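Side chains included, hydrogens not; waters and symmetry mates left out as well; all remaining heavy atoms used. Note that the structure is predicted; figures quoted are calculated from it, not measured.
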2 protein chains.
Amino acid sequence: MRRDTVTGMTDQTVPTTAAGEAATARGEQTRQLILETAMRLFRERGYARTTMRAIATEAGVAVGNAYYYFQSKEHLIQEFYARTQTEHRTAAQPVLERESDFAARLAGVLHAGIDVLTPSHEFAASFFKTAAEPTSPLSPFSAESSGPREASIGLYADVLAGSTAKVDAELRPQLPELLWLAYMGVVLFWVYDRSPGQARTRQLIDGAVPLVDQLVRLSRLRVLRPVTQQVVSLIHTLRH
Amino acid sequence: MRRDTVTGMTDQTVPTTAAGEAATARGEQTRQLILETAMRLFRERGYARTTMRAIATEAGVAVGNAYYYFQSKEHLIQEFYARTQTEHRTAAQPVLERESDFAARLAGVLHAGIDVLTPSHEFAASFFKTAAEPTSPLSPFSAESSGPREASIGLYADVLAGSTAKVDAELRPQLPELLWLAYMGVVLFWVYDRSPGQARTRQLIDGAVPLVDQLVRLSRLRVLRPVTQQVVSLIHTLRH
DNA sequence: GCTCCATCTTGAACGCGTTCAACTTATGTC
DNA sequence: GACATAAGTTGAACGCGTTCAAGATGGAGC
C-alpha cells in the first residue's frame, strides 16, 4: 500500500486494499528509516544540497524505494510540519497552564512557536518557497495540510478560551483563525528575518502582541464597533 | 558584457569594461528575441512547462546563449516584474488624476494592480514559489527587486499625497510603505484565489479599503493615539 | 512444501536547468 | 589588410528529481 502523507491519508491513485492504515512491519520500518535519514541530512546540509540519491544511499536503499514511500522530495517535508506542530503544542503547554492574561498567553504561544522553529531556520527558509506555491500540497492552506493547520488553529482557540479577555461577541468566533493567520504572518517575517538569532522576529512579537491585545479590547468600544463589524462581515464574505 | 537584470545592473562576477551599459546592437537584439520568446511561451504553456531548450529552439539560438544573457530561468521573470509595474502605473494614472478621496484612490489603484495581473494569474501562481524564497533575487524584498519595489511604493505615496485624507503626523511618513505591504497582501491573496475571475480578491479590496480608510481616520482620535504610536514605534524598531 | 499475489525493492533511463571549453564573429589599431 | 581582443555563440556534458519495467520477498491458503 502506497502511503501518502504522515497523516496516514491513502493515496487515491493506488487504491488497493481498503485497510490503508494496516502498514506491514517491514514497510513501516523502511519508511521510518528513510524519513529519519532525510531529516538528518536536511538539518546537516540544508534542503537543496540534500539529494534524493544521498538520502537513499545513506539509508541503504535504492532511490526508487524512497519514491515508493514518498511521492516527492517535497513530501518528505510534511513530516517536518507535523513534528513542528506537536512540539509547538508541547512547548506552549506550560504557558497556557500558567497564564490567564490574554496578551501573556498570546505572546507565550507565539514565542514558543519561534522557539521550536529556530533550530531549523536555514532549512525552513530553503524549502519555504515550496510551501508558498498555492498548488503545493505543502501550502499551509492546502487540504493535505489541514491536519496540522486545524491543530494549530486549535492552539489559538485555547489561547482565547483560557484567557480572561473580554471580546466582542461577533468577533470572538473568528478570532482563533485570525490569530493563526497572524501567526502565519510572524512565521513569514521570521523566514525573511536575517537579524542575528532572528531577534527582529522577537521584537515583532513583543511589539505586535500588546497592539493586538488593545485592538481586541477596543473592539467592544462604541467608536470601533462599526469597524469590528466590518472586519467580521469581510471575513464572512471571503469565506463564502 | 554579461548583463544581469532588466534594471541594467552589471554582473559583478564578470567585470570587464567599465561601461556596462554600452550593449552592442547585436547583443541587445538577441537578448530581446530570447526575452520575447520566453514571455510568449510562459503565457502559452505556463512557467513550469516551458523549458529552456524550448525557449532556445523557438528563438533560434543555442541553450547556452540564453544563459549568456540571463543568469537563470528565474531571471527571465524579472522582466515580468518590471513590465507589470509599468503597466500598473499606467492603469492607475486616470484614477489618480480623477479622484481626490483617499478611499477611492486606494481602491482604484489596488483594482488597477489586479487588472494588470489578471491575464497572468496561472503563470503568476506557478512562479510565485520562486519569488517567495527569501534568498531569491526575485523576492519582492530583495535588493535586485528594489527598482520595481521603490516604484510601487511611490505609487502609494501618490495615492496619499494627492488625497484629501487627514492622517496622523507620525503615521503619515510610514503610510506609503504600509499601503504597499497591504498591496503585497492583496497580491498574495490573489495568487491563492481560486474563485472564478478571482472575484474574492475584488471583494477583499472592496471590503478592506473602507476599513483601512476608517483606521487611518481614527488614527488621529484620542483613544487610538496610543495604538497609532505603538504601530509607528514598532515599524521603527523593526526597521532598525 | 507449493503456489499465488500483494508488497516491497531495484537501478537504468528520462527530461530538466545549468555549465563550460571551444569556437565564431565583430570591432578597433597600426 | 593583418592582427588582437572583446563580444557573442555553440552543444555536449553534468547532476538533479523523478519514473517504471522488472525482479525479489514473504505470508496466506491448500
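Checking each of A:I205, A:V209, A:L179, A:V159 against A:V109 for a side-chain contact (heavy atoms from CB on, under 4.5 Å) leaves exactly one that passes, namely A:V159.
Regarding B:I77, its CD1 atom lies at a distance of 13 Å from the C1' atom of C:dG17, rounded to whole Å. Rounded to an integer number of Å, the gap from B:Y69 OH to C:dT18 C1' is 18 Å. The interatomic distance linking B:R31 (CZ) with D:dT9 (P) rounds to 13 Å, in whole Å. We find that CD of A:Q71 is positioned 16 Å from C1' of D:dC20, with the value rounded to whole Å. For the pair A:F70 CZ and D:dG17 P, the interatomic distance rounds to 15 Å; values are reported in whole Å. Atom P of nucleotide C:dT9 and atom CD of A:E28 are separated by 12 Å, given to the nearest angstrom. Taking atom CD1 on B:I55 and atom P on C:dT18, their separation rounds to 10 Å, with Å as the unit. Note: OH (B:Y68) to P (C:dA22) measures 18 Å, nearest angstrom.
Classified by interplanar angle (parallel below 30°, tilted 30° to 60°, perpendicular above 60°), the ring pair A:F123/A:F80 is perpendicular.
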Q | B:E36 vs B:R40, salt bridge (Lys or Arg N to Asp or Glu O under 4.0 Å): CA-CA, chis, key distance, verdict | A | CA-CA 6 Å; B:E36 294 305 327; B:R40 178 170 61 80; over 6 Å; no
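A salt bridge does not link B:E87 with B:R83: none of the charged nitrogens is closer than 4.0 Å to a carboxylate oxygen. A salt bridge does not link B:R202 to B:D193: none of the charged side-chain nitrogens sits closer than 4.0 Å to a carboxylate oxygen.
The cationic atom of A:K73 (NZ for Lys, CZ for Arg) does not lie both less than 6.0 Å from the six-membered ring centre of A:Y67 and within 45° of the ring axis.
Side chains of A:H75 and A:S72: a donor on one and an acceptor on the other come within 3.5 Å.
The aromatic ring centroids of B:H88 and B:Y81 lie 6.0 Å or more from each other.
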Could you run down the sub-3.5 Å N/O contacts of the protein with nucleotides 11-13 of chain C?
none

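In this structure, the side chains of A:Q29 and A:L33 stay at 4.5 Å or more apart for every pair of heavy atoms.
Under 4.0 angstrom from either OP1 or OP2 of D:dT18 there lies at least one side-chain N or O belonging to A:Y67. Taking 4.0 angstrom as the limit, A:T30 places a side-chain polar atom (N or O) nearer than this to OP1 or OP2 of C:dT9.
For B:K73, the listed nucleotide lying nearest its side chain is C:dG17; candidates were C:dG17, D:dG17, D:dG8.
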Q. Given the rule that a pair is Watson-Crick or G-U wobble with both distances under 3.5 Å, how would you write DNA chain D in dot-bracket, using | for pairs to a different strand?
A. ||||||||||||||||||||||||||||||
